[in-house]
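Reading through the structure tokens given below for one structure.
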Amino acid sequence: MSTRARIDAGELLISLVLLALGSFVAFETQGIAETQGYAQVGPRLFPYVIGTGLMLCGAWLAWQALSGGWRAMPEEAETHAAPDRMGFLLISAGVVLHMVLIGWAGFILASTLLFVLVARGFGSKKPVRDLGIAVVLSSIVYFLFTRGLGLSLPAGPFGG
Amino acid sequence: MDTLNALFSGFAVALSLQNLFLGFVGVTLGTAVGVLPGVGPALTVALLLPATAGFDPTGALIMFAGIYYGAMFGGSTTSILLNTPGESATIVTAMEGNMMAKRGRAGAALATSAIGSFVAGTIGTVLLTFVSPFAVDVALKFGPAEYFSVMVLAFVTVSAVLGASPARGLAALFLGLAIGLIGLDSQTGQARFTLGVPELLDGLDIVVVAVGLFAVGETLYVATYLNRGVDTIEQMKGSIWMSKEDWKRSWKPWLRGTAFGFPFGCIPAGGAEIPTFLSYATEKKLSKHADEFGKGAIEGVAGPEAANNASASGTLMPLLTLGLPTTATAAIILAAFQQYGLQPGPLLFDTQPELIWGLIASMYIGNVILLALNLPLVGVWVKLLAIPRPLLYAGILIFATMGAYGIRNSWFDLALLYGIGLLGFVMRRYDIPVAPVLVGLILGPLSEQQFRRALAISQGDLSIFVTQPISATVLAITALVVIVPQAWRLVRRMQANAIGHHSPI
């Protein structure tokens, strides 16, 4: 296998985040009160083991990233060459707005907006069609799950 | 109780109008999500968990199992007509079946996979019926030490043995275990890793984690990297019925595929990918038409399709007898049991026989329904493939947010959903497997409980895990499954170097 000349910044960053997360878990564990009982081990042992495991995996992956890249990665350089950042942002906006809106605008309105934004994020050029489908689908889902399955979802200003 | 008697009373449960209906809904939904790219059985069951909390557990579990094995049927349709595997277990079918469709033999490919799935699913269910009681007998001898060892075996196989990279698999496992730590400690009631946030006291809900990883993460990934070009759907050409020749070339691969699939589903070696690849390699070796492989050989569709269905039935064995999930979907079904306050395991065969045997009996019925749904009605499902990608994923996210919000009507869960979605996006981008996260999340707290119970019995003596014969055997097997594939890989590499080329599989 040929070694890559450059170090992949993403691979290294993820490895370091895992290392940091492992250290955080181990550090936080010290704040857990230890009560051992008969077992001689309490609520601290597993967090310590898991924190250590995360650190070791982070170190392992960091070493791989620095020595020719992560092993056995699929050949997807072409796939990842031109990311569609706009699509990513539109979908993110959809999910975050849904979170903000659902409380007072209700499920149907929030979901309609989410649907239109996600469809746009996937490059849909037919906003009117999307809006129509969004309203119908959101309403069907709302009534199916609240009336049919007893789930509780906020109705918003138009419901009652 | 005699197995056959138990099965007959199971049929009485499964044939009740309500359970028959829920089973039908399950396999139909399963076929649909199997056909649709971007939605899988794990995501579907997770989305339905909040909405089914008030259901009768037997009916709900019959439906969830139906979704699981129904998706195995539906996945093959997508693979054959679209060359995009609908499910990870149908990758091989996507190679061979799509070539058949390109040569105008889509009908025969769909038929051999549907009938093969039926044969394998039914044989798998028969095996599940008659082997489970023995597994229960063994499982009854299990104490905390044994359960812990078996869970370690599951952790190791799901993360380190399967998949491309042990380092990435283990990282995913520890991530899942770390997420599982959040919440109240089951033994002392102390809050751990809640960072003072009251919403975190109950821990992260598996629905939010699964839906975030599978729906939000996947949607972000597809939109960012894969949303180019249009998929070409192969036309449904060729008779849907198989010729005499096709039958002759299919029945042995069906049986051999089943023989690979079921045991691989049973052992904690998770997933149906390995048996499908094994079946494909075997059929290629045994076939008289080896030259057709890669160009659309019917054996290469029949065998792997049988294997992935048999493994789905096999997966239910450790799940029902030990409470041990070996795939992402099985982990979610375990969460479904827990939602009803049930812990799968040998005792459940005693305390809830009508649930267990009703579930098993429903699988015989479900397989028959699936054959009817997927063979004569395959044209209906093909229409699902024509849904434009923007509408499909927009719809998926409506269901995803509904599932996350529906748990307890809290915006906090939607924030978590997006955060975990970002995590899923990064994991997909860098080929870090997702299944170990879910298995770690759901088995982590259980394994800690068993570990501390075992040590409470032994008064803190760690040697209990190696002095109990069953536990010691399981740990020895764990060591073997780590060492043997590594050694095997080394031998293969040396052989390949000696011959001077790499073998394809």
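So you know, we letter chains A, B, ... as the sequences are listed, proteins then strands, and number each from 1. Just the heavy atoms: all of them, side chains too, but no hydrogens, waters or symmetry mates, feed the values below.
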Most chain A-contacting option - heavy-atom pairs closer than 4.5 Å, from B:Asn409, B:Thr188, B:Ile432, B:Val222: B:Asn409
Aromatic ring pairing A:Phe46/B:Phe148, orientation class (parallel under 30°, perpendicular over 60°, tilted between): perpendicular
Structural part of B:Glu448 lying under 4.5 Å from a heavy atom of chain A: both
Aromatic contact, A:Phe88 with B:Phe425 (centres under 6.0 Å): yes
Which portion of B:Ser186 sits near chain A, non-hydrogen atoms under 4.5 angstrom: neither
Top of A:Val116, A:Leu54, A:Leu21, A:Ile91 for chain B proximity - count of heavy-atom pairs under 4.5 angstrom: A:Leu54
Portion of A:Leu137 that has a non-hydrogen atom of chain B nearer than 4.5 angstrom: side chain
Which of A:Thr29, A:Leu45, A:Val118, A:Val100 touches chain B most, by non-hydrogen pairs under 4.5 Å: A:Val118
Part of A:Phe115 within contact of chain B (heavy atom distance under 4.5 Å): both
Residues B:Phe451, A:Val49; criterion side-chain contact (heavy atoms from CB on, under 4.5 Å); working and verdict: CA-CA 13 Å; B:Phe451 181 83; A:Val49 172; over 6 Å; no
Contacting region of B:Arg429 [heavy-atom separation from chain A under 4.5 Å]: both
Chain B contact via A:Arg120 - side chain, backbone, both or neither, heavy atoms under 4.5 Å: neither
Chain B contacts, top residue of A:Gly53, A:Gly87, A:Ser111 (heavy-atom pairs, under 4.5 Å): A:Gly53
